[in-house]
Each structure stands twice: as structure tokens, then as C-alpha cells.
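One structure is given below, encoded as C-alpha cells.
Numbers restart at 1 for each chain; the letters A, B, ... are given by sequence-line order, proteins then strands.
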Amino acid sequence: MNPLLSVRGLGISIGPANPVDSVSFDVNASEMLGIVGESGSGKSLTLRALLQLLPPHARTTGTATWQGRDLLAMPADDIRRVRGREVAVIYQEPMTALDPVLTIGLQITESLNVHLGLRGAAARVRAVQLLDRVGIPDAKRRLDNYPHEFSGGMRQRAMIAIALAAEPKLLLADEPTTALDVTIQDQILKLLLQLKEDLHMSVILVTHDLGIVAGTCDRVAVMYAGRIMESGPVYSVFRAPAHAYTLGLMRSVPNPAHARQLLSGISGTPPEPSHMPPGCRFAPRCGFATPQCSEAPPPLRECGPAHQTACIHADRIRQSVRVTA
Amino acid sequence: MNILAILARRLLHIAATVVLVALLIFVLMHFLPGDPVMMLLGDRASDEQIANMRHRLGFDRSVVEQFWEFLKMTASLQFGESVSMKVPVISLIVDRLPITLMLTSMAVVLAVLIAAPLAFIAALRQGGIADAIIRVISQVSLSMPVFYIGLILLITLAAGLRWFPVGGIGENFFQNLYYLFLPALTLALSLSAILLRNLREALIEVLQADYVSFATAKGLMRHTVLGRHVLRNAWISTITLLGLHVGSLVGGAVITETVFAIPGVGRLMIDSIFARDYAVVQGLTMILAVMVSIVFLAVDALQALLDPRVSA
Ligand SMILES: Nc1ncnc2c1ncn2[C@@H]1O[C@H](COP(=O)(O)OP(=O)(O)OP(=O)(O)O)[C@@H](O)[C@H]1O
Ligand code: SF4
Ligand SMILES: [Mg+2]
């Protein structure tokens with residue numbers, strides 16, 4: 001089966017910096033792919049690049065094949081028709097992602113309008129159904145509310161309703177729960193899983209939280225300093241990590257419920273996008289590093305069924321997992 | 001707080017402003033050098049004549065009494081009689097105010113029409129050549145005095161090219177649109193430079209906002225994103241600024257009306273000051289203060305309409 005979306009060698013440059021470099025991954029139909037990584041690893045840029053939403057001075061290389069066409073090279077009018085209709089996004093902070101001066105109703109109906117041609121009463125009826133679907137009580141009355149009249153969780157539900165108004169096939173969710181309380185996080189994740197089933201939709205879920213990935217995703221890609229370090233089925237990556245960075249991430253999260261203060265287990269800080277180390281970008285912080293690691297960027301290679309790693313010492317990493325386990 | 005509460009608060013502000021301005025005018029007039037009685041009667045008036053005039057003008061009563069009288073008169077729009085023109089002040093103002101209102105309204109409209117598109121071009125191509133040119137021009141026009149701009153326009157477009165009349169006003173509304181175009185443009189230029197600068201910054205900030213990216217990500221047309229999401233949010237801060245500058249627009253109108261020989265209240269103000277026609281100056285100052293307060297009120301209302309968070 002062909003993947004729904006196939007990203008190959010995606011690179012992003014903003015001025016002299018290369019915050020994202022040769023990123024490749026696939027998303028299959030009806031699958032939830034997690035992308036995890038520290039702050040600044042390029043997760044948001046990667047998502048935004050797929051819909052040509054980067055700032056104007058950013059440049060992209062590589063391809064992102066969607067229905068036989070390259071999203072990165074689509075003319076403005078074509079990519080506009082993909083946005084929201086075929087591929088939708090939701091952001092981390094619903095308070096800033098919703099327009100503060102327009103009603104929730106208008107922000108839904110304008111999507112219905114542009115993609116489905118629904119107007120007036122028909123659009124309002126549909127908008128009520130959509131708010132209902134994401135679990136907003138008293139949806140009909142809520143239509144005329146402004147974002148600041150909603151609670152944080154309700155705002156996130158509203159943003160999801162808006163994004164999914166035209167029933168896209170792929171949802172790019174950029175840390176949709178990071179700004180929310182833990183209990184509400186759970187509800188929103190359940191909602192996303194539910195909607196993914198109901199709409200036969202695929203989801204790319206960007207998060208800091210390995211616990212969330214373990215609980216919701218089918219596959220995971222671990223990103224560090226703009227590159228994919230390891231990717232594969234969730235059960236395989238978490239049971240047998242084949243990259244020192246993944247291992248570090250897992251060790252620094254003793255309890256998934258406290259995933260917010262992650263990475264205390266890895267010393268040092270990630271490199272600046274303008275001063276990336278040669279070879280493996282994790283080498284300066286890696287306890288397994290050898291001089292060989294800094295010679296050339298290690299490419300992703302198979303290390304198990306559908307499981308890839310960019311670590312040249314994958315075997316040693318796996319051994320150490322077995323020893324400590 | 002809802003819109004009504006905001007308006008009620010504003011009305012109170014207006015009342016307070018009126019009393020304060022009245023007090024200020026009263027104090028200033030009282031201590032101004034030059035005796036209006038002497039001005040009116042000349043040096044050779046007899047003591048009796050002087051006493052009579054002082055009584056007629058109420059100068060023989062206590063200061064507090066005079067102020068109370070002044071407040072009462074003000075509230076009922078009775079500003080007395082112009083000593084130089086021998087007509088009630090209020091009828092002078094009623095005569096002259098419409099042309100000034102038209103001039104300043106045209107100036108505001110022109111300023112917005114000039115500033116909005118340029119701000120858009122500059123913000124969308126931030127750091128580009130167009131942006132640089134627009135910023136230099138706005139900087140230059142900001143640093144030029146109103147009367148200087150007026151004279152340049154007068155000499156080039158009116159006297160030189162004869163595209164516009166060099167001054168005065170027409171006989172009806174439509175003629176006035178033509179006669180007042182250059183004066184309004186003069187008045188509009190520095191305001192539009194201020195607006196342009198502010199709107200450009202606001203647009204740049206709004207263009208980077210998450211909700212604009214999200215609106216784009218929904219697949220909306222570019223013009224919908226700009227017109228519905230960007231412009232509206234950017235205007236909110238700029239409208240406040242526009243309201244604040246209406247006060248200085250009144251000051252500009254005084255100069256512009258003088259340069260272009262327009263018989264509005266600005267011109268009336270200047271003439272009355274030189275003639276020491278205190279009653280007219282007082283009445284005008286009061287009326288203008290009230291008008292500016294009303295503009296502030298209108299801006300508040302507009303703000304509340306545009307930004308639902310204000311009335312929340
Ligand atoms: N508009 C921009 N101009 C210049 N550099 C940028 C811009 N946006 C992001 N970057 C840089 O690119 C890198 C990756 O940013 P990105 O937002 O994709 O990280 P992220 O993985 O989403 O992090 P977080 O978890 O904090 O959201 C960062 O180092 C950031 O400083
Ligand atoms: S390649 Fe080398 S430096 Fe990079 S993670 Fe593996 S062991 Fe560490
Ligand atoms: Mg991010």
C-alpha cells in the first residue's frame with residue numbers, strides 16, 4: 001500500500017541557519033504518527049513546511065508527495081485548496097490561534113464556505129453539528145461566542161472543530177495538549193483518537209511527551225536538531241530503542257505523567273541551528289559517542305522491521321538496554 | 001462591562017472636560033494682559049464710560065460669581081456677543097463650524113485612504129524597497145510643519161498647475177469637496193504619516209500572529225485572510241491612535257484655514273485672538289473641547305464594536 005504522505009529529504013533554511021535537514025518519513029492511511037523531540041528540534045517547522053506556512057524568507061528543499069503531487073512545490077492556488085480540505089492543522093495555543101475578534105461560528109463557517117460552498121443557514125446548521133461532534137455543550141448558543149468566552153479546553157475543541165470542518169484526510173497536530181491541564185489533555189487526546197477513527201483520518205501528532213506517544217500513536221519519529229534520529233512502530237522503538245538520543249529521552253522520563261520536565265537525564269543543550277556539529281548532531285551530548293560519530297552524518301538505516309535508526313552504535317545502545325533492564 | 005457602561009463613563013468624562021476647560025479658559029482670560037474694555041473704548045474714554053462697559057461685561061462682580069455666570073452661559077451655549085463683529089458668538093460659530101467639520105472629516109478620510117494601502121504594501125513587503133521608500137516619505141512628511149506643506153501644495157498644484165483653487169470656499173457641498181481638497185490634503189498628510197507608521201507596525205505584528213497562520217491553514221483565500229482577519233485586528237490599535245490625533249487635527253485646521261483663506265472656526269479663532277475678542281475665543285474653545293470629547297466617545301464606541309474583548 002502506498003503511504004498517504006511521503007516526505008523525502010525535507011530541508012528548511014532560514015537565512016544562514018538550517019533548522020531542519022534531510023527529514024524523511026511516511027504517513028499511512030488511518031495511522032497516527034508521533035513526532036517527538038526537544039524544544040527547537042524543528043518539529044513545528046516541519047509541519048508548517050508541509051502546507052507552505054513557513055515565514056516568507058524560509059526556503060525548503062526535498063519533496064512531500066501527497067496524492068501523487070509535491071506539496072512543497074505546489075502553486076499557491078493549489079496548496080490553498082489542499083489546506084483545510086485535505087490536510088488540516090491545529091496549533092498548541094488555541095487562545096492565540098483563534099481570531100480574537102471573530103465569533104467561533106464565523107471561524108467555522110468561513111471554512112465550510114470556502115471548501116464546501118455552504119453558506120448562511122446551511123453553514124450554521126453544519127457548524128452546530130461540528131461543535132457537537134467535538135463535545136461542546138449547547139453548541140447552537142456557543143456559535144455566537146468569541147474565543148475569550150471559552151475555557152481553554154473548549155477553545156481547543158473549537159479549534160479542532162474548525163480544522164476538521166471540511167473533513168480532511170490528514171491532521172497535523174502541533175502539541176495540541178501542551179497548553180492544557182493534565183485532565184483536559186486526556187480528554188482532548190481521546191477526542192482526537194475518536195475523530196481519527198470516525199473520519200478515517202491520519203494524524204501527525206507532535207509532542208514533547210513520550211507518554212502521549214506511547215498511549216496514542218502507531219508509529220513514532222524521534223527528532224533532534226532538525227534531523228530524524230530514529231523512527232519505527234511505537235512498540236518496537238520503545239521496547240528496543242536503537243538510538244542514544246531516544247534512550248536518553250526515555251531515561252529522562254521516569255514517569256510519563258511528569259513528562260513536562262523532560263530531558264533532565266540528558267546533559268547539555270541542543271546545538272544552535274546556525275552551528276550544527278558535523279557528523280551525528282547528538283554527538284556532543286552523547287555518552288556512547290566515538291570519533292567515528294563526528295565524521296559524517298549517519299544516514300537512517302534499517303535496524304528491525306519498519307524500524308530505522310541514524311545511530312552508528314545502535315547495537316551497543318540495544319545491549320545497554322538489555323543490561324539495565 | 002458593556003458598551004452602555006463605557007458610553008456612560010465617557011459622557012461623564014465629557015462633562016468633567018467641559019467644566020475643566022471652562023475653568024481654564026476663565027482663568028487664562030482673566031489674567032491675560034491687555035484690558036478688553038480699553039481695547040473697545042480706546043484711550044480717551046471717560047471714567048464713566050469705562051465703568052458702564054465694565055458693568056455691561058460683568059467685570060465688576062466677584063471672580064467666583066463671574067465663573068458661575070460663565071459656566072451657566074456655557075451650558076446654555078450663550079457665549080455672549082462678539083465685541084468686534086457685534087453678533088452673538090453662537091451664531092458666528094454655527095455659521096463657521098460646518099466648513100471646519102467638513103474640512104477635518106475630509107482630512108481624516110484622506111489620511112486613512114492614503115495610509116491604509118501604503119501600510120499594507122509596506123507591511124507585506126517588509127524590508128523591501130517599497131517599504132523603505134514609504135517609510136522615508138512618511139518620515140519626511142512627519143517632520144514638515146503643516147503650513148509648509150500647505151504652502152508647497154498651494155504654490156505647485158493651485159497657483160502653478162491651476163488644478164485647484166488657491167483658497168476660499170464654494171457655494172454648495174459639491175463645490176466645497178473641490179475647494180477643500182487641497183486644504184484637507186494638507187491637513188491629512190502628517191496625520192496619514194502617523195497612521196501609516198502605526199498601522200504598518202500593527203499589520204506586521206498581526207501578520208505574524210498564530211491566528212493569521214491558522215486562518216491561512218484553513219485554506220481561506222488570501223484576500224479573506226487579509227481583509228477579514230488581518231486588517232480588522234490591525235485597525236483596533238490604530239483607531240485609538242486616530243482618535244487621539246483628532247485633537248491635533250483641530251490645531252492643524254487653524255493653520256490650514258489661515259493659509260487657504262477658509263472661513264471656518266479655525267480662521268475665526270485666529271482673527272478673534274488678534275482682535276482680543278475674548279467672548280468668541282472662549283466660546284470656540286468650549287465648543288472645540290466638546291467636539292474633541294465627542295470624537296473620543298465615538299472612538300470608544302467603535303473600538304468596542306470592533307473588539308469584543310473590550311466590552312467583555
Ligand atoms: N521564523 C523563524 N526564523 C528563524 N528561526 C526560526 C524561525 N522559526 C523557528 N526557528 C528556529 O528553528 C528551530 C526549530 O524551531 P521549531 O519551532 O520547529 O521547533 P520545535 O521542535 O517545534 O520546538 P518546540 O517544541 O519548542 O515547539 C529553532 O531553533 C528556532 O529557533
Ligand atoms: S551516532 Fe554516535 S554520537 Fe550519535 S547517537 Fe549514536 S553513538 Fe551517539
Ligand atoms: Mg513547536
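- For the set A:V89, A:D77, A:V82, the count of heavy-atom pairs under 4.5 angstrom toward chain B peaks at A:V89.
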Item to check | Worked check of side chain to side chain contact (heavy atoms under 4.5 Å, CB included) between A:L71 and A:I79 | outcome: CA-CA 7 Å; A:L71 291 176; A:I79 192 73; 4.0 Å; yes
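- For a residue to count as touching a neighbouring chain, one of its non-hydrogen atoms must lie under 4.5 Å from one of that chain's; by this rule B:I236 touches chain A with the side chain only.
- Using a 4.5 Å cut-off between heavy atoms, A:Q107 touches chain B through backbone and side chain atoms alike.
- Using a 4.5 Å cut-off between heavy atoms, A:L106 touches chain B through its side chain atoms alone.
- Only the side chain of A:V114 comes within contact range of chain B, judged by heavy atoms closer than 4.5 Å.
- Around the CD atom of B:E205, the shell of radius 6.0 Å holds no more than 12 heavy atoms that belong to other residues, nucleotides or ligands.
- Heavy-atom distances place both the backbone and the side chain of A:R80 under 4.5 Å from chain B.
- In this model, no donor atom of one side chain and acceptor atom of the other lie less than 3.5 Å apart for A:T103 and A:D144.
- Ranking A:R81, A:H115, A:E93, A:Q92 against chain B, the residue ahead of the rest is A:H115, based on heavy-atom pairs under 4.5 Å.
- Judged purely by distance below 3.5 Å, without hydrogens or angles, the side chains of A:Q52 and A:R83 never pair a donor atom with an acceptor atom.
- With hydrogens and angles left out, the side-chain atoms of A:D174 and A:S44 include a donor and acceptor closer than 3.5 Å.
- In this structure, A:E167 pairs ionically with A:R126, as a charged nitrogen and a carboxylate oxygen lie closer than 4.0 Å.
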